[in-house]
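Single-structure report; data block below.
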Amino acid sequence: MSTNAKPYKDTLNLPVTRFDMKANLTVREPQFQARWREQDLYGAIRKARSGRPRKVLHDGPPYANGEIHMGHLLNKVLKDFVVRSLTMRGFDSPYVPGWDCHGLPIEHKVVKDLGSKAASMSHTEIRELCKKEALKWVDLQRTQFRRLGIEGDWENPYLTLDPRYEAGIVDVLSDLLERGYVFRQLKPIHWCMTDRTALAEAELEYKESKTPSIFVNFRLTSTPPDNLKTDAPWHVMIWTTTPWTLPANVAIAVHPELDYSGIRYVDPRSGQEHQTILASELVGKVMSLQSVTDFKEIGRCKGRDLENLQYEHPFIKRRSPIVLADYVSVDDGTGLVHTAPGHGAEDYQTGRRYQLPTLSPVDASGRFTSEAPEWLLGKQVFAANPEIIERLKTSGHLYHELLLEHSYPHCWRCKKPIIFRATEQWFVGVDHNDLRGQTLRAIEEVQWLPAWGRNRIEAMVSQRPDWCISRQRSWGVPIPALGCTACGMQLLTAETARHFRDLFRKEGADAWYTSPVESLVPSGSKCPKCGGAEFQKEGDILDVWFESGSSHRGVLSQGFELGYPAFMYLEGSDQHRGWFQSSILTAVGSNGQAPFETVLTHGFVVDDKGEKMSKSVGNTISAVKATEQYGADILRLYVASMDYADDVRMSERGIKEMSEAYRKIRNTFRYLLGNLGDYAEFDPQSVDPASLQEIDLWMLGQLNHVVDDVMAGYEKFEFYRVHQRIYQFCSVELSSFYLDVLKDRLYAELPDGPERRAARFVLARLHDVFTRLVAPIMPHTAEESWDFLPAGPHKPESIHLAEFPKSDPRWNEPERDARWVELMDLRAKVLAALEGFRKAKQIGSAQEAVVTITTNRPDRWTPDRDLLNTICIVSDVRIVEDPQDSEESVAVSKSTSPKCERCWNYRSSVGQSAEHPTLCDRCVRVIEATS
RNA sequence: GGGCGCAUAGCUCAGUUGGCUAGAGCGCACCCCUGAUAAGGGUGAGGUCCGAGGUUCAAAUCCUCGUGCGCCCA
């Protein structure tokens with residue numbers, strides 16, 4: 001307990017820095033963000049990269065509704081990693097965020113809030129409210145995205161409700177019209193007879209409802225398969241819960257792989273014999289409905305054997321075919337499905353495949369039109385059910401009837417049951433001019449990451465039906481079609497569409513609703529069919545997928561002029577069906593080329609068990625709250641830590657673990673800065689590289705490997721590799737090895753002596769390199785660290801204007817690295833031996849120990865004796881030769897030398913100085929040089 | 001029900017073209033230090049490579065069939 005112990009401590013160079021250990025991200029991050037805004041960092045980056053090769057990540061517009069959630073966070077953070085890393089690689093990589101502002105959810109919300117008032121309001125008034133609603137969410141989401149540190153042109157985003165963008169949409173439509181892809185065709189849609197309006201899927205409420213359920217025999221007019229040949233006529237038995245759709249029957253569907261039986265049975269009511277065909281599995285069940293006991297199977301066939309057989313409609317003079325469909329099941333009914341393409345979605349698909357007519361003899365109020373048999377004319381469809389059933393009974397076609405309770409869609413507004421009714425819709429024809437084939441070829445040219453994305457979208461494009469692009473709603477871009485008041489013909493051509501494109505660009509799409517029709521019609525317009533010159537505005541709007549799918553026009557090639565095609569689209573894997581597909585279809589259709597070079601997809605955010613997050617399950621994590629609580633850099637690091645190609649697991653625990661990782665990285669920065677004294681009075685440029693010690697050179701060599709690996713990770717967009725490499729290097733090579741070993745030199749040597757200057761040279765390089773490498777992932781922390789670098793001509797104002805480091809070939813030395821692998825192996829043995837000695841309570845710190853290495857190759861180790869001493873942080877290392885030992889063995893003993901009061905090493909030189917009797921010779925030398 | 005994916009320590013990830021006893025970091029346990037201190041260091045324990053078959057001298061890796069989970073359809 002000498003009294004001068006304290007003063008010696010004061011002679012050490014202990015770390016000092018203003019870089020806090022406590023991150024305090026929730027306070028600091030908004031400060032950095034405010035600063036970046038103030039200095040217009042985004043604009044500065046654009047300026048700094050202008051003229052460089054351009055790589056544009058084109059933002060897929062999120063829907064402007066609700067707070068951002070973890071899915072948004074994942075997507076936007078990944079995009080930010082891409083954009084920032086491209087920028088730091090030297091590319092000009094502008095990022096213009098966008099929002100999808102039109103569509104049903106917003107319109108639905110507005111109309112719901114209005115309640116009964118909605119009915120009396122005009123399109124324009126409702127659209128105005130929708131716009132307000134959308135912009136409200138755009139503002140909120142923008143704030144939330146910016147809080148995550150996403151860099152981009154937030155002051156000037158693209159909005160699908162922007163007149164310029166709307167014009168872009170109509171421009172794409174014009175091109176498609178010009179090339180003949182757009183046509184009109186009947187398609188069944190959900191229809192409310194009471195409100196006389198179309199309904200979207202989201203506007204349906206499913207309720208239990210009682211409907212008649214009937215089994216009907218249709219007479220075959222074709223010859224049945226060979227094993228069913230008999231003299232008597234054959235029937236096929238169908239089942240339906242919507243008798244009123246029978247007038248529109250144009251086919252009967254069977255499953256190709258199912259077994260069907262030809263049955264001869266005696267109807268107990270009439271005593272008559274019948275022959276009919278139904279699914280083999282259902283024969284018993286169906287026969288028991290009428291308590292038929294006298295029946296016999298004549299023969300069997302597969303569904304596919306029945307294809308194209310003709311049958312006769314029970315009450316209309318019409319023959320129709322049997323067709324194949326995969327959705328046919330034996331869950332109920334007869335295994336033969338009455339098919340009316342005008343009255344059902346599946347029926348419609350089947351109808352398209354077989355080119356069947358789409359009949360829909362029902363008007364807007366649900367009454368049969370003159371296309372139906374005369375006895376049904378003017379009757380409301382549900383009211384007509386009993387009459388149709390009676391008719392079938394009388395004619396002998398009806399096998400059985402019962403009432404069935406099942407789930408049936410109802411109108412969300414009037415609560416009445418809805419119907420499927422075919423109406424004229426606008427389509428983009430996928431097979432016109434081989435758009436499908438063209439698109440598939442364009443898909444080949446695109447790089448899909450991960451590679452299976454190609455299979456996925458190829459399968460979807462090769463199977464998709466024609467694209468119905470019209471919607472009967474208010475909140476969207478109107479399809480600028482004019483209806484001839486004389487003949488009903490719709491006028492919509494490339495020329496008229498371009499007229500409206502220009503109008504929308506000037507006045508916005510609202511012009512369609514606000515201007516009287518006379519001022520809208522291009523002068524000289526004539527109906528191509530009847531020559532009429534009087535028109536009315538049609539009311540349909542475009543599918544929102546068409547809108548967002550046109551962003552390559554409104555954002556890339558026009559509007560923002562980012563360049564076409566984009567370098568990358570990056571969205572969740574659900575967008576193979578959604579935006580990727582709508583984008584490539586509209587692009588190939590309008591200009592023959594894919595709008596993207598690379599498509600990167602990520603998985604979905606799931607909980608810690610790998611199950612999807614849902615509010616009802618209660619396993620969600622709020623992205624907004626998590627950011628408020630932990631800070632953006634921690635969540636960003638979390639995103640970086642996982643392979644996004646698969647689903648991404650997120651949990652509260654995971655975020656906490658990531659906070660630990662963050663602190664490790666942060667502390668590494670802090671320690672580097674601490675020993676650099678925040679660069680006060682130290683300029684790494686002034687250090688002579690010849691003064692570097694071996695371990696310093698080795699460290700710089702290791703750092704080169706890190707730079708190379710991290711850059712490879714960024715170039716392949718594999719950010720988890722970036723994270724793993726940086727984090728593990730911080731923990732292993734740096735914190736637990738190099739920085740630990742360096743302590744003696746940093747603390748005890750002369751403040752500005754060559755030993756310490758050499759070490760600080762390496763620390764400065766580490767600081768500079770690491771700050772740059774982590775900048776795309778932790779932009780706030782990187783900026784905070786960057787601020788400590790002294791200003792100079794080569795230091796940009798912000799790390800985000802800087803470029804990535806390059807590995808420095810001066811420090812590469814493969815033979816040295818190989819030798820170091822051996823050294824580190826031996827060190828591991830020493831540490832294990834020390835731990836044994838420590839557990840035996842012989843020593844505390846390693847400095848108390850002397851290590852004896854017994855080896856049969858002293859020539860190998862003797863020259864590295866001092867180095868081993870240093871890297872093991874012991875007091876002494878002795879090398880002893882033993883030719884018998886094939887492997888090095890390590891023995892540990894307690895040092896017999898006294899402890900230096902200043903540097904805590906155990907040295908025989910302690911006590912040699914009369915003036916400083918408690919110090920080792922090195923510390924005496926340092927003290928004397930500084931006093 | 002169909003299409004496309006994924007599955008290796010508690011967590012996040014490595015594991016060329018099949019080839020020693022399946023690795024790393026974190027976490028955990030125990031220990032040390034108290035001059036990075038709401039820090040730092042050390043040692044150690046953790047695996048039915050989702051399951052079952054198959055191919056092969058040899059399978060985490062290739063094939064088949066399952067199971068679980070996700071996305072997209074129906």
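Chain letters run A, B, ... following the sequence lines, proteins first, then strands; residues in each count from 1.
- Checked against a 6.0 Å centroid threshold, the rings of A:H916 and A:Y8 count as neighbours.
- B:rG19 is paired with B:rC57 under the Watson-Crick or G-U wobble criterion, all donor-acceptor distances under 3.5 Å.
- Distances from the side chain of A:S845 to the nucleotides B:rC33, B:rC6, B:rA14 place B:rC33 closest.
- At the heavy-atom level, A:M658 lies nowhere under 4.0 Å from the strands shown.
- B:rG2 sits 41 Å from B:rU21 when the P atoms are compared, rounded to a whole Å.
- As rounded to whole Å, 10 Å separates atom P of B:rC73 from atom CD of A:Q575.
- Here, B:rU48 and B:rG53 have their C1' atoms 16 Å apart, quoted to the whole Å.
- Using a 4.0 Å heavy-atom criterion, one finds that A:K841 contacts the sugar-phosphate atoms exclusively.
- Of the possible donor and acceptor atoms, one in the side chain of A:R353 sits under 3.5 Å from a partner among the backbone N and O of A:L324.
- Listed nucleotides B:rG35, B:rC72, B:rU43 differ in distance to A:R456; the shortest reach to its side chain belongs to B:rC72.
- In this structure, the NE2 atom of A:H705 is 20 Å from the P atom of B:rA24, given to the nearest Å.
- Using a 4.0 Å heavy-atom distance criterion, A:R670 is classed as a sugar-phosphate-only contact.
- Residue A:E611 has its side chain nearest to B:rC69 when only B:rU12, B:rC69, B:rG25 are considered.
- Across all strands, A:Y671 comes closer than 4.0 Å to base atoms (heavy-atom distances).
- Remark: ring of A:W904 overlaps the six-membered base ring of B:rG35 in a stacked fashion, centroids less than 5.5 Å apart, planes less than 30° apart.
- Comparing A:E660 and A:L14 along RNA chain B, the residue whose closest nucleotide (by nearest heavy atom) sits nearer the 5' end is A:E660.
- Annotation: side chain of A:P188 is not in contact with side chain of A:P341 (no heavy-atom distance under 4.5 Å).
- Looking at heavy-atom distances under 4.0 Å, A:N667 makes contact with a base.
- Ring centroids of A:F427 and A:W467 are separated by 6.0 Å or more, keeping the two rings apart.
- Contact between the side-chain N/O atoms of A:T668 and the OP1/OP2 oxygens of B:rA36 is not found at any separation under 4.0 Å.
- Between the side chains of A:R666 and A:T781, no donor-acceptor pair of N or O atoms lies under 3.5 Å.
- Closest contact between the side chain of A:Q724 and the listed nucleotides B:rU12, B:rC73, B:rG70 involves B:rU12.
- In this structure, the OH atom of A:Y738 is 17 Å from the C1' atom of B:rG40, given to the nearest Å.
- Nucleotide B:rC4: paired with B:rG70 (Watson-Crick or G-U wobble, both distances less than 3.5 Å).
- Among the heavy atoms of the strands, none lies under 4.0 Å from A:S329.
- Using a 4.0 Å heavy-atom cutoff across all strands shown, A:R464 reaches no nucleic acid atom at all.
- Between the CE atom of A:M642 and the P atom of B:rA7 there is a distance of 16 Å, given to the nearest Å.
- Nearest nucleotide to the A:Y727 side chain, out of B:rC11, B:rA36, B:rC26: B:rC26.
- With B:rG41, B:rC26, B:rC71 as the choices, the nucleotide that has an atom nearest any side-chain atom of A:K664 turns out to be B:rG41.
- Taking atom C1' in both B:rG27 and B:rG44, the straight-line distance is 14 Å, to the nearest Å.
- Nucleotides B:rA59 and B:rU8 have their C1' atoms positioned 14 Å apart, rounded to a whole Å.
- Residue contacts for A:Q463: at a heavy-atom cut-off of 4.0 Å it reaches no nucleic acid atom on any strand shown.
- For the pair A:K839 NZ and B:rC33 C1', the interatomic distance rounds to 15 Å; values are reported in whole Å.
- Using a 4.0 Å heavy-atom criterion, one finds that A:G610 contacts the sugar-phosphate atoms exclusively.
- In this structure, A:G844 reaches the sugar-phosphate backbone alone: every heavy-atom distance under 4.0 Å involves primed, P, OP1 or OP2 atoms, never a base.
- Nucleic acid contact for A:D643: sugar-phosphate only, since backbone atoms but no base atoms lie under 4.0 Å from a heavy atom of the residue.
- The residue A:L12 sits close to a base: some heavy atom pair falls under 4.0 Å.
- Of the candidates B:rA36, B:rC71, B:rG25, B:rA36 carries the atom nearest the A:M21 side chain, counting heavy atoms from C-beta on.
- Using a 4.0 Å cut-off, no side-chain N or O of A:N455 falls inside it from OP1 or OP2 of B:rG3.
- Picking from B:rG25, B:rC32, B:rG3 the nucleotide with the shortest atom distance to the side chain of A:R838 gives B:rC32.
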